[in-house]
Amino acid sequence: MDEFIVGLIAATLRVATPLIFATLGELFCERAGVLNLGIEGTMFLGAFVGFTAASMTGSLWIGLLAAAISGILSGLLMSLLSVRLGVNQHVSGLGITLLLISLSLFSYRIIFGESKIPPSINSFDLLKIFSDNPVLGPIFSQYLLTYIAIAIIPVVWYILFRTTFGLNIRAVGENPEATDAAGINVYKLRTSALMIGGALMAIGGSFITLAQLGSFTFGIIAGRGWVCISLVIFGNWHPIKVLLGALLFGGVSALQLRLQLKGLKLPYEIFLALPYIVTIIALTIAGRNASYPAALLKPYKRE
Amino acid sequence: MFKFRIERAPAPMWTKPLIPIVAILVTFLITSILIILAKANPLQAYYHFLITPLSSTFSALEVLVKATPLILTGIAVTFAFTSGYFNIGAEGQLAAGAIAATWVGITFGNLSPIIAIPLMIIGGFVAGMAWALIPAILKVKLKVDEVVTTLLMNSIIVYFISWLLNGPWRDPISNWPQSPDIGSSAIFFRLIPKSRLHIGFIIALIVVVIVYFLIKKTPLGLRMRASGASKTGAEFAGINVSKTIFIAALVSGGIAGLAGVSEVAGIHYHLIDSISNELGYTGIIVATLGGLHPIGVAISALFIGLIDTGSQTVSRMLGVPVYLGNVVQSALLLVTLGMLLFQNYRIKRL
Amino acid sequence: QKAVPAPTEAPKTEAPVATEAPVVEMPKVVKVFGAFATAIEEPWDGVIHHALKEAEANGQIEYSYTDDIGYAGDMERILREVAEQQKPDLIIGDAFGNEEAVRRVASDYPEIAFAFGSGFGPSGDNFSVFDNWIHEPAYLCGLLAGGLSKTGIIGVVGGVPVPEVNRITNAFIQGVKETNPEAKVLVSFINSWFDPAAAKEAAIAQIGAGADVLFAERFGVIEAAAEKGLFAFGNMSDQNELAPDFVVSSAVWNMTPTVQYLIEQVKGGTYTSQDLKDFSMVGKGGASLAPFHGLESKIPADLLALVKTKEEAIKAGLFRVDIDEAQPGAVN
Amino acid sequence: MLAVEMKGISKHFGLVQANQDVHFCLESGEIHALLGENGAGKTTLMRILYGLYRADEGEIFINGNKMEIHSPKDAIAAGVGMVTQHFTLVPTLTVAENIVLGYTNSLTLSQKLIEQKVQAASERFGVSVNSSALVKHLSLGERQRVEILKALYRNAKILIMDEPTAVLVPQEVDILFESLLRLVKNGLSVIFISHKLNEVMTVCDRVTVLRDGKTVGTVNKNETSREKLAKMMVGRETFLDTQRSSRKTGESVYEVKDLTASGQQVVKALDNISFTINANEILGIAGVSGNGQSELTKVLTGILKPTHGSIKLEGQEISRLSPGDLTEAGLGRTPEDRHEGTIGDLTVAENLALEDLNNYTKNNILDQKKIHEDALKKIDEFQIKASPNDRLRTLSGGNMQKVVFARALSRRPKVVIASQPTRGLDVGATEYVRKRLLEERDRGAAVILISEDLDEIMALSDRIAVLYEGCIKGIVPTSEATAEKIGLLMAGVC
Ligand SMILES: Nc1ncnc2c1ncn2[C@@H]1O[C@H](COP(=O)(O)OP(=O)(O)OP(=O)(O)O)[C@@H](O)[C@H]1O
Ligand SMILES: Nc1ncnc2c1ncn2[C@@H]1O[C@H](COP(=O)(O)OP(=O)(O)OP(=O)(O)O)[C@@H](O)[C@H]1O
Ligand SMILES: [Mg+2]
Ligand SMILES: [Mg+2]
């Protein structure tokens, strides 16, 4: 296979990794009936906390764990506002994003001071399988988290469609009254979905600091959270289709960089805007058939 | 022992004005921890946050300058939310208005201000409407959720501006991705010498009054409020809800577009990459804190403008990271949202 | 109008109120304010900030700053507020993206010295300009890169194609072509000042296209080089510590000469507006090739000798690196 | 032994006292009816027993043990099951998934296994369901069986059924009763809520009557009669008795021809409906809930566009007009659900003006003075207990309905469409509304009365049309109609 294609595939997987994690996280939230616009902030927090914990303890795994915990906390905050108190989901999500980004930046200054060179850690090494194979070798020279991201998709599918917990999540996103009447605690269920979702988002964000870069800088998430929001819709709330969307997006951004080098003069902006445009077109085609979880955006109150 | 029970019933009226005050106090308490961590004195910090910006005429006027686009985006959001259309796209619509204002300002900026300025205002309004059009159509024709589409449209226009500024509109003599300056007649004149307060502020106030009037005093406003409060009820009463929402969505976009005009003609005089700079998202905060009431929105825009200004003052005076301002702002939003719900509860002694 | 002290104890940095009285004798310590559009973690502003911190540590100046001011119109307000309330002797910062606003303020406060990073000339009596004129060390990096490359393909990843970035990139290319006339230099822009993940991907794409030496105009590129075991060059500051085995050298900008000169001028009351360009060039120590941190051993001796010679020639003013601010193509 | 004992239960919502010191006992193995007018507090009491509400005061004993029921989970654990008035099923899930929802210890979920289990349970309890079907594809009757099986599957020993027959045709009702009697023999105890006295007399052993949130009393079926129960429910014996004289009706004013429309779940919610109605006439449209009444109301009031057919008002085609234009054309209408047809957050005056905004607009500005004055007039005329600036939300159901009527009738419409006009109203309000409809008829309007209350239809209508599965099964003059005849039509028989 062409080296160009091989490089493209490898880059696609890499770029898609944080998106896969975070999109699956958002998927959990939305399947449970909560649109979590806190995603951008949660990814940012995960990137920051993962990096900070790793650089303080010297352990990447502790970093990853800390990121996941920070995501869980973010999920809890979203739950407190939008599930317990029933606050409008858009406003609370946007507020959380703003809070978590500014809180991370604030804490970064407090913890790391005004460093001249961004402090860095030894990030995760590439895990090479098939390293002898000229085609598969470069493609499967990825970070462990990338393999986990791919592996987690069938797991999420399994959880959603083949476990009791998944059944409960799907039910509560469609009809919280029925779920409540079936003896399931709607608040706890939604809260747990938001916690899992938050953890996945934060892990997605921490991939960039713990694996891809080994350092934390200011523009680190750069709107990837909003991409994930559109990927969930693009994937019609289905984990497998979400993967396709993430790969499409990763592929487009990787291709854009490579075509530039071929000397082709392309307005790269078109490429970057493409996933958003495609999502709008997908929504237009799906129209009212888009299978929104019926209770999305609706807070549940028993009395 | 006293026993209390919290029950669902409208809280007494006198609690209403207390909510923002209590929210501010709670927020300040929470954020004090961060200020102490940054080795500063919270009381001093809040002094610089809230009082220092008002202690000189120039700074106080600057709070108004800062509030000008926020009033407009806050009103834009209010207008849409009132009719039950959740426009998260003021950010992009502002940018569209700014693009139009730049084009008009460059093309007609050498005619008389009497022509150039109204043209710019109209152009910005129309462009904001145009950018709001696709989500609005998708909403009323295909019932596609506007939250997501307006959010996506924000990202798209960022790349469009980036393309303009790195390509056809790049100012050849500037070494920065920005457009050439608009003509001198297109520049909003200053209201007070030696300050930056420009007629954009007056425009914003006029918009507040017009929107207040529209929402409270006209049939369209009543239709909007009805559609927003109960879609089915409004439909049953013979209101064309789709049409009402469509109009509200477009007008909301237009008002956000005006914010773009005001930023270009009053502050920058050219188009820049970060023209919206989250003003649209902050507009949602402003609108929410203002209780979706035009006057409330204007007040909360001034307050957010004050905090925005103040956070840089705090940073400068006490060496606290400048991000504290955004932390306080967002914490205030979340605390207020939580507190607003207490309006529906009453504490009863058993 | 005067600065209002806080109700509680005054912050320690607050100057005595005596500034209100006309001061005849020379101020002992120069009051400096830093105004930065980006966060000080961004390398460009970081260089200025750290030079000022150094002067502060030496007791030469009293320093406060605001960073991440952005381009949305806050710069003008902050400068005016500072000019009114803090009345500093000198304001240093970057004017990129805020050019007009900064110059407007400067003209309203002739008693304050303004020195700003800018692509334009000085103006009025008090507005001086400087810039990161590190095309010379970038050229030297280019010489090294051309000599070190085995594949004859070298990559540059830049932020946004503004003259400052173009100048460095073109000088780098000039250097490459001198030691390796056949070499191809790939140039990618990520169109952002801050997206290291994107910069790294751009670098990896270049590596995929055959590049084996990289010039890291932005953060993120060195990480790609280190991961693939390739040589890289840093930019703006000595970035060897990011990947000690792979960062051969860096094109370093040093603001200390500029800052020192400004302090002297302001102190001496001889400050006038001028282009401070020279203080950011190799000749006055404002720009330099970073030390090799032990990586000399990896560089062929004749190449090292050539670089040393050129460096000396530049220092002595015997050799000029061309200044070319046009946007470089994707493939050179 | 007592299966359930509820002692001194009180519950209020805001200012409404829904239950006040209610006492209720369910014997093991009996079918116990809970009877009461709309709003008497039956559902509230049962939701407390099922853990959906928390009582303000009172104690609950199940099989003699005092229980703290905080949520349906606790209730289920105590052996209580509930089939609610509005079904609580998840439409996008399968029958099996709905039944096991919240009731399985297994971590994983095998579709095949649960379908087998559910099918087995279906056979064991004699409640037939198709376990692999998606709930959204089921009819209302089928959905109810799923609800019952869901409760039984959870080992319910005590089954609460809240108005189970409201959505069933008589034949289905018979099947339900058979199953209930069989289940009771096997040890189930049932609480059966209904408004239909004959059903209560057929299937129940004892009856408890609630009125205004208080217990009126509990009686054995054998020691009471329909009349006595009715008196207990209402507190007096008066029933509206419309003296029906054969009067001449006027010209035909409203003509519906071949009307077809699709609903949310069915392709043809209305199938080729035709009828005409004259001035000075009330046409009652009877039918079991869910047979197209909602869609018919929506189409007639302009909210849903028909896929086919025509509606003519005095010869003029109006089927494509918007609700607003229909008002202009001379149509007055009341919504099926007054909460959905009005806007709680607006004031009474604004709600009253909403339908006719053009009339309240001067120079594009709302004429606040006229809105206020007209509101005062209507409040007076329709005896609404409220002032113009009250939020509509704060009104009681009866007063809300009066606002709706005031809005619809004050323009003296040629045609009045009244859908479920007395649902959830107490006797006084009900009487008022019915009197008002008769007055409209006498004024010369053509009135279409869509109601699930057969007594109401029989009492008010001049002719009765029966809606069954979206079709009109027959139109009968009231003079020739008997409850049996209409019942058969409603069941789709003949
Ligand atoms: N969630 C609620 N919020 C406010 N009020 C309520 C609520 N639920 C019930 N009510 C009020 O409590 C009273 C009793 O209602 P409930 O539903 O128990 O009556 P019901 O006897 O079941 O009537 P129906 O025969 O119409 O079903 C009514 O006045 C009703 O409006
Ligand atoms: N959604 C709601 N929000 C707030 N209050 C409500 C709501 N629904 C009902 N109520 C309150 O419950 C009370 C009773 O409502 P309901 O609809 O049961 O009327 P009702 O008891 O049938 O009235 P009436 O006795 O006049 O026939 C009203 O006074 C109203 O204040
Ligand atoms: Mg009632
Ligand atoms: Mg009930």
Side-chain angles (χ1 to χ4, degrees), chain A residues 35 37 41 77 80-82 84-111 114 223 226-227 229-230 232-233 267-280 283-290 292 296-297 301 303, chain B residues 7-8 31 34 37-39 81 86 88 134-135 137-138 141-145 147-149 151-164 166-167 278 281-282 284-285 287-288 311 320-342 344:
Chain A
L35 174 73
L37 293 182
L77 180 59
L80 172 71
L81 290 163
S82 68
R84 288 280 163 185
L85 295 175
V87 171
N88 175 322
Q89 290 178 7
H90 332 113
V91 185
S92 50
L94 288 173
I96 285 178
T97 284
L98 183 61
L99 176 72
L100 296 184
I101 292 180
S102 45
L103 195 61
S104 301
L105 292 176
F106 183 87
S107 311
Y108 181 77
R109 276 281 168 81
I110 302 287
I111 294 171
E114 301 167 344
W226 308 137
V227 174
I229 297 277
S230 61
V232 173
I233 303 163
Y268 73 98
E269 290 91 352
I270 298 261
F271 281 94
L272 297 179
L274 204 62
Y276 305 102
I277 297 171
V278 169
T279 303
I280 292 184
L283 275 172
T284 310
I285 294 167
R288 58 186 100 206
N289 298 327
Y292 283 99
L296 192 66
L297 292 173
K301 272 259 168 320
E303 281 170 53
Chain B
E7 59 182 42
R8 253 165 105 80
T31 46
L34 295 177
L37 282 177
K39 304 198 175 59
F81 278 29
F86 290 102
I88 312 288
I134 292 175
I137 290 180
L138 289 179
K141 292 286 172 209
L142 294 173
K143 298 200 164 60
V144 174
D145 181 37
V147 173
V148 175
T149 45
L151 187 72
L152 296 179
M153 294 292 283
N154 293 344
S155 304
I156 294 173
I157 202 160
V158 167
Y159 293 114
F160 180 64
I161 291 192
S162 167
W163 172 77
L164 278 178
N166 287 307
E278 316 238 300
Y281 296 123
T282 311
I284 297 172
I285 297 180
T288 310
S311 67
V320 176
V322 70
Y323 307 102
L324 181 66
N326 277 345
V327 175
V328 170
Q329 228 179 72
S330 45
L332 179 63
L333 169 76
L334 298 180
V335 170
T336 311
L337 284 173
M339 307 257 326
L340 280 177
L341 292 172
F342 288 120
N344 302 327

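Quick note: numbers below take in every heavy atom, side chains included, and nothing from hydrogens, waters or symmetry partners. Each chain gets a letter, A, B and so on, in the order the sequences are listed, and its residues count up from 1. Only a predicted model underlies this, so the values are computations on that prediction, with no experimental measurement involved.
Contact detail for Ile110(A) and Leu37(B): the closest heavy-atom pair is CG2-O, 3.9 Å. In terms of heavy-atom proximity, Tyr159(B) sits nearest to Glu269(A) at O-CG, 3.3 Å. What you find for Leu85(A) and Gly338(B) is that their closest heavy atoms are CD1-CA, 3.8 Å. Across all non-hydrogen atoms, the minimal contact from Ser330(B) to Ser102(A) is OG-OG, 4.1 Å. Between Thr149(B) and Ile280(A) the shortest heavy-atom distance is O-CD1, 4.3 Å.
Between Leu283(A) and the options Leu142(B), Asp145(B), Val148(B), a side-chain contact (heavy atoms from CB on, under 4.5 Å) holds for only Val148(B).
For the set Glu114(A), His90(A), Arg109(A), the count of heavy-atom pairs under 4.5 angstrom toward chain B peaks at His90(A). Note on Gly325(B), Ser155(B), Ala38(B): by heavy-atom pairs under 4.5 Å with chain A, the leading option is Ser155(B).
Atoms CG and OG, from Leu34(B) and Ser107(A) in turn, are 6.5 Å apart once rounded to the nearest 0.5 Å. Note that OG1 of Thr284(A) and NZ of Lys141(B) are 14.0 Å apart. Values are rounded to the nearest 0.5 Å. A distance of 5.0 Å separates CG of Leu324(B) from CZ of Phe106(A), quoted to the nearest 0.5 Å.
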Exercise for review: Apply the test side chain to side chain contact (heavy atoms under 4.5 Å, CB included) to residues Asn154(B) and Trp226(A): give CA-CA distance (whole Å), side-chain angles for both, the deciding distance (0.1 Å), then the verdict.
Suggested key: CA-CA 10 Å; Asn154(B) 293 344; Trp226(A) 308 137; over 6 Å; no
Check your understanding: How far apart are the C-alpha atoms of Leu94(A) and Ile285(B), what are their side-chain angles, what is the distance that settles it, and do they pass the side chain to side chain contact (heavy atoms under 4.5 Å, CB included) test?
Key -> CA-CA 9 Å; Leu94(A) 288 173; Ile285(B) 297 180; over 6 Å; no
**Study point:** Evaluation steps, side chain to side chain contact (heavy atoms under 4.5 Å, CB included), between Leu98(A) and Asn326(B)
**Key:** CA-CA 7 Å; Leu98(A) 183 61; Asn326(B) 277 345; 4.3 Å; yes
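Residues Val91(A) and Leu333(B) meet the side-chain proximity criterion, which asks for heavy atoms closer than 4.5 Å. The side-chain heavy atoms of Asn88(A) and Leu337(B), taken from C-beta on, include no pair separated by under 4.5 Å.
Contact annotation for Leu35(A): only side-chain heavy atoms (C-beta onward) come within less than 4.5 Å of a heavy atom of chain B. Contact of Val327(B) with chain A is made through backbone and side chain together, with heavy-atom distances under 4.5 Å. Looking at Leu37(A), the atoms closer than 4.5 Å to chain B (heavy atoms on both sides) all sit in the side chain, from C-beta outward. Heavy atoms closer than 4.5 Å to chain A are found nowhere in Val158(B), neither backbone nor side chain. Using a 4.5 Å cut-off between heavy atoms, Ser162(B) touches chain A through backbone and side chain atoms alike. Using a 4.5 Å cut-off between heavy atoms, Ile96(A) contacts chain B through both its backbone and its side chain. Residue contact with chain B, scored on non-hydrogen atoms closer than 4.5 Å, involves the backbone and the side chain of Leu103(A) alike.
Heavy atoms from other residues, nucleotides or ligands lying under 6.0 Å from CD1 of Ile277(A) number more than 12.
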